[in-house]
Amino acid sequence: MRLLVVHLFYAARSAIRGLWASPVTTGVALVTIAVSLVLVGAFGLLVTNMQGLLDRVGEDLRVTAYLEEGISDEDLKRLALLTQTVEGVASVETISKDDALRIFDERLGGRSGLLEGLEYNPLPASLEITLVESQRSVGGLRVVVESLDGLPGIEELSYGEEWVEGYARALSMIRGLGVGVACVLALATLLIVGNTIKLAVYARRDEIEILGLVGASRSFVRIPFLLEGFTQGTLAALMALGLLYILYRILTPSLAAGIELLMGHASPAFFSPFQMFLLVASGAFVGALGSAAAFVEGGRR
Amino acid sequence: MRLLVVHLFYAARSAIRGLWASPVTTGVALVTIAVSLVLVGAFGLLVTNMQGLLDRVGEDLRVTAYLEEGISDEDLKRLALLTQTVEGVASVETISKDDALRIFDERLGGRSGLLEGLEYNPLPASLEITLVESQRSVGGLRVVVESLDGLPGIEELSYGEEWVEGYARALSMIRGLGVGVACVLALATLLIVGNTIKLAVYARRDEIEILGLVGASRSFVRIPFLLEGFTQGTLAALMALGLLYILYRILTPSLAAGIELLMGHASPAFFSPFQMFLLVASGAFVGALGSAAAFVEGGRR
Amino acid sequence: MRREPPVTDPFVRMYHVSKSYMAGTFALHDVSLEVDRGEFVFLTGPSGAGKTTLLKLLFAAERPSEGQIILRGRNITRLREYGIPALRRRIGVVFQDFKLLGHRSVEENVGMALEVRGTPPREIRSRVFRVLKQVGLQHRRYHRAEALSGGEQQRVALARALVNDPELLLADEPTGNLDPELTLEIMDLIASAGARGTTVVVATHDLSLIDRYAKRTLHLEAGCVKRDAGAAAISA
Amino acid sequence: MRREPPVTDPFVRMYHVSKSYMAGTFALHDVSLEVDRGEFVFLTGPSGAGKTTLLKLLFAAERPSEGQIILRGRNITRLREYGIPALRRRIGVVFQDFKLLGHRSVEENVGMALEVRGTPPREIRSRVFRVLKQVGLQHRRYHRAEALSGGEQQRVALARALVNDPELLLADEPTGNLDPELTLEIMDLIASAGARGTTVVVATHDLSLIDRYAKRTLHLEAGCVKRDAGAAAISA
Ligand SMILES: Nc1ncnc2c1ncn2[C@@H]1O[C@H](COP(=O)(O)OP(=O)(O)OP(=O)(O)O)[C@@H](O)[C@H]1O
Ligand SMILES: Nc1ncnc2c1ncn2[C@@H]1O[C@H](COP(=O)(O)OP(=O)(O)OP(=O)(O)O)[C@@H](O)[C@H]1O
Ligand SMILES: [Mg+2]
Ligand SMILES: [Mg+2]
């Protein structure tokens, strides 16, 4: 027990000393790790915020139920309430024949010649049905449509199948791309950080050799390096987090304006505390792993 | 002259020897640089191909000129020809009153009750005008619209100003983001590669010291390292290019299918020969620069 | 745990040991010898005779190509990788090229040999101070090793080898960078470690030392023991 | 180009040179001396006396804290960074710790001193072979330096210092790792370089050498010249 404490003390002191003693190596490795993590973090932020935007677009996913001609107001209300209870439905909006005509007119750009030419309103009343988030997919949509299909008073269901399919595909593609890029980026970071630490350890091979010659056990030599890698990873991640936050604060105002114009309200978000923790933890992990890997091939020479 | 040749010979030999003599350092640095360049290259490919997609979307940018009621076929033809000559116009398509009604009907989803309810066709004939690429912006569009505005037979011009503005903004945003990410990535690569080489040079500080002690001039010591960095950068870029091509060949089929569904025909392109050259050149440049930078602070110790 | 061998056994035994770094040449060739516990042995021979190689075999920095080496009743040629550190912690070595960490302080360099055994910091400080005083360098203990002169570095290397009271002291040319006066002081220090029961092997070219201390002397030539003078007689 | 000074001038002049690595202590203190062209000088003194420091000042590895050093009529304390390599190419140095590149071959280590002057490869090979033969290591020329014994490495270091026929040879303890026979061979080699006109300064602890060669001897103690024996008489 006593010995363990002493050993840990030496390991910690040796790690700190190692970091201080070779400022070039330490600094260079720190910067490299931080830069790699900034890349990963920036990509993470981008994906997170894109995800939010995509979800908002997904809200446009809706089913229009055209109603039978001459449905009574009462039946309409009952139908709307009934529809609301269908599994997967988030909200129901009633659009009367008059509403339909007005919207139609607006769509044509208000050139009112059209409405005047009509002797009766040919447009049906309808229900605009939005879906809960979990149902926003081609499959989910079909389930909802099937549930609605039998309801009395509904003449036809329209839900832009093609559009939905395209959207779903786009979503899964972007997600796939995101995951792909994230994997590549994570791998690259691991490699870069690992290599950086390997070089840093290599630059201190004298020390490793001499420790071995005076009788240091394998763990006595390696644990300080692991601690160093861990500390460097943690520090670098904190640096990266700080840098990302600065970038975020600088870029958000101009970006937000642009996005708002495109897609309505938007406020790019920073990481949640949990995500921050994750970033720092992965920095620490990668650092420690890099140090461990540095010894794998090298071994005792 | 003779001396210069001898010096260059030594520099080249020393560079090759340096690369061979420390395989750990060389290998680690190579991999790190290659990985960084793969990141840059993958991003470059993404942006290039996105650009292509965006350009295709931009083709939707068009002006609709609604024509006066009762325009004669002859006048229509003359107007179409005239329009064609307006600066900035790429193509002109004539849509007759009947065409308009049919398109309108199709848009409504073919529910034919509508057409039956009409006692006469309220829709005007129109010209669909697309723009040359350079004109596809809010400003460019306005210029074309103003040129068209005075033409006889045109009653109204519609060009979805909001949509255009949104599109233009999205385009410039994505371009800005692309440039921003590219800058960050380039800077990160520079830092990572520079640091990697700095560590590699640091790992061989003995050699640098001893060369200095036996009377090597500054350039005699540094040129081999520059050459090494240059060679490493070049090799790494070639490795990166190979890797990117493999990735491209693996990913293209599945990606192309997805994109096609969304946006019609698409075939993701690989780098042009010039872009490949650029990548390799930048690898070589970054490698040489990294080596040069490694000496800046270190200096003679 | 294995039973400790009886102390009357020879401390070091080499049976037909050969070491060949490159096929066809031998740095050591068929060397057999015994060194008793507490014995003091000089190792001499021309440049490249195999002195350093012999010492390296004893602290398992190299493995013999042939033959067996028994140290304290244990066959160290059979030692696994993880058994080596424990062996080295009982041995003090003065390397021919010192092998100090230039960027670390003298105190840290010497203390290293105690740290690896888990000695508490307070005890390290006092023991390091004591041994640095013995080699006359206590006033330099906070300086970086690379800032010391050649002779000073050699004494730091000796201090590191002595600080953990080793059972076996291997000194490879420990006075090559010292002036004659200091050489005697340092050799006295080594001899006194021998007198306290440490088995000592000193490789040296300095014949005056061999004359003066009149200890058993192994003369190597081209990897073979050519002379083993005064073995049984002188050793206690 | 500056006019070469007349050869009758002293080759080395030190005027009141002091070197202090740390405030308050002097590694060299107010040293003034002259060494003629072709002279052979021994430098002695206890460990830490300042021998290595004096040599370092002569090839501009350190700059004096005070005083001036004139080498071949040129004040090297005023030398700019870029002037140093040219100076060092005229000087051969045997470093106390050898300073060889362990991973490079012996031939490369020795050839280095010629490469930096732009000597053609063919000439390098033949000159390196010749000098390695002089130190008895021609058969080891393709081996890595770290695979050599201590004494062999020391001879490689000497070979590197001699290979470019330096005007000034500085040897810091060049025989500390050599056996007595080899020591004489090597010192004869150094002396013969001196006889060919090279100015030689050898730092050593080996008093038998000083007796044998009976050359001018500078005795340093705590950074000061305590004795300068046989200066004018023996030299030339
Ligand atoms: N790692 C190695 N690889 C190849 N050969 C080696 C290696 N180490 C030593 N040798 C060779 O083995 C022989 C014995 O070397 P060793 O170092 O034992 O000599 P030594 O007696 O210590 O000599 P010195 O007095 O010069 O230090 C020498 O010829 C040397 O070149
Ligand atoms: N880089 C340095 N920084 C601080 N002090 C130094 C440095 N180099 C040498 N010294 C100190 O200067 C003094 C003279 O050192 P020097 O190396 O010249 O001694 P030396 O005469 O060569 O001794 P030795 O015979 O032991 O090699 C010593 O006390 C040494 O510790
Ligand atoms: Mg030896
Ligand atoms: Mg010295």
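Just so we're on the same page: letters track the sequence lines, and every chain starts at 1. Side chains included, hydrogens not; waters and symmetry mates left out as well; all remaining heavy atoms used. Here the structure is a predicted model, which means the values were calculated and not measured.
For the atom pair C/K99 NZ and A/L211 CG, the distance stands at 13.0 Å (nearest 0.5 Å). The distance from atom CG of A/L213 to atom CZ of C/F95, rounded to the nearest 0.5 Å, is 4.0 Å. Taking CZ of A/R17 as the start and CD of C/E108 as the end, the distance is 4.0 Å to the nearest 0.5 Å. The distance from the OG atom of A/S14 to the CE atom of C/M112 is 10.5 Å, given to the nearest 0.5 Å.
Atom CZ of A/F230 sits in a sparse spot, with 12 or fewer heavy atoms from other residues, nucleotides or ligands closer than 6.0 Å. Heavy-atom contacts from other residues, nucleotides or ligands closer than 6.0 Å to CZ of A/F270 number more than 12.
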(request) Test C/H103 against A/E207 for side chain to side chain contact (heavy atoms under 4.5 Å, CB included), laying out the working first. (result) CA-CA 10 Å; C/H103 292 289; A/E207 188 178 333; over 6 Å; no
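Pairing each heavy atom of A/V214 with each of C/R89, the nearest pair is O-CG, 4.2 Å. Closest heavy-atom contact between A/Y10 and C/E115: CE2-CG, 3.5 Å.
Residues A/I210 and C/R160 have side chains in contact (heavy-atom distance under 4.5 Å, counting atoms from C-beta outward).
For C/L100, the part sitting under 4.5 Å from any heavy atom of chain A is the backbone (N, CA, C, O) and nothing else. Neither the backbone nor the side chain of C/Y82 has a heavy atom closer than 4.5 Å to any heavy atom of chain A.
Near-neighbour residues of residues 116-137 of chain C relative to chain A, defined by a heavy atom under 4.5 Å from a heavy atom of that chain, comprise C/V116, C/R117, C/G118, C/T119, C/P120, C/P121, C/I124.
No donor-acceptor pair under 3.5 Å is formed between the side chain of C/R88 and the backbone N or O of A/A216.
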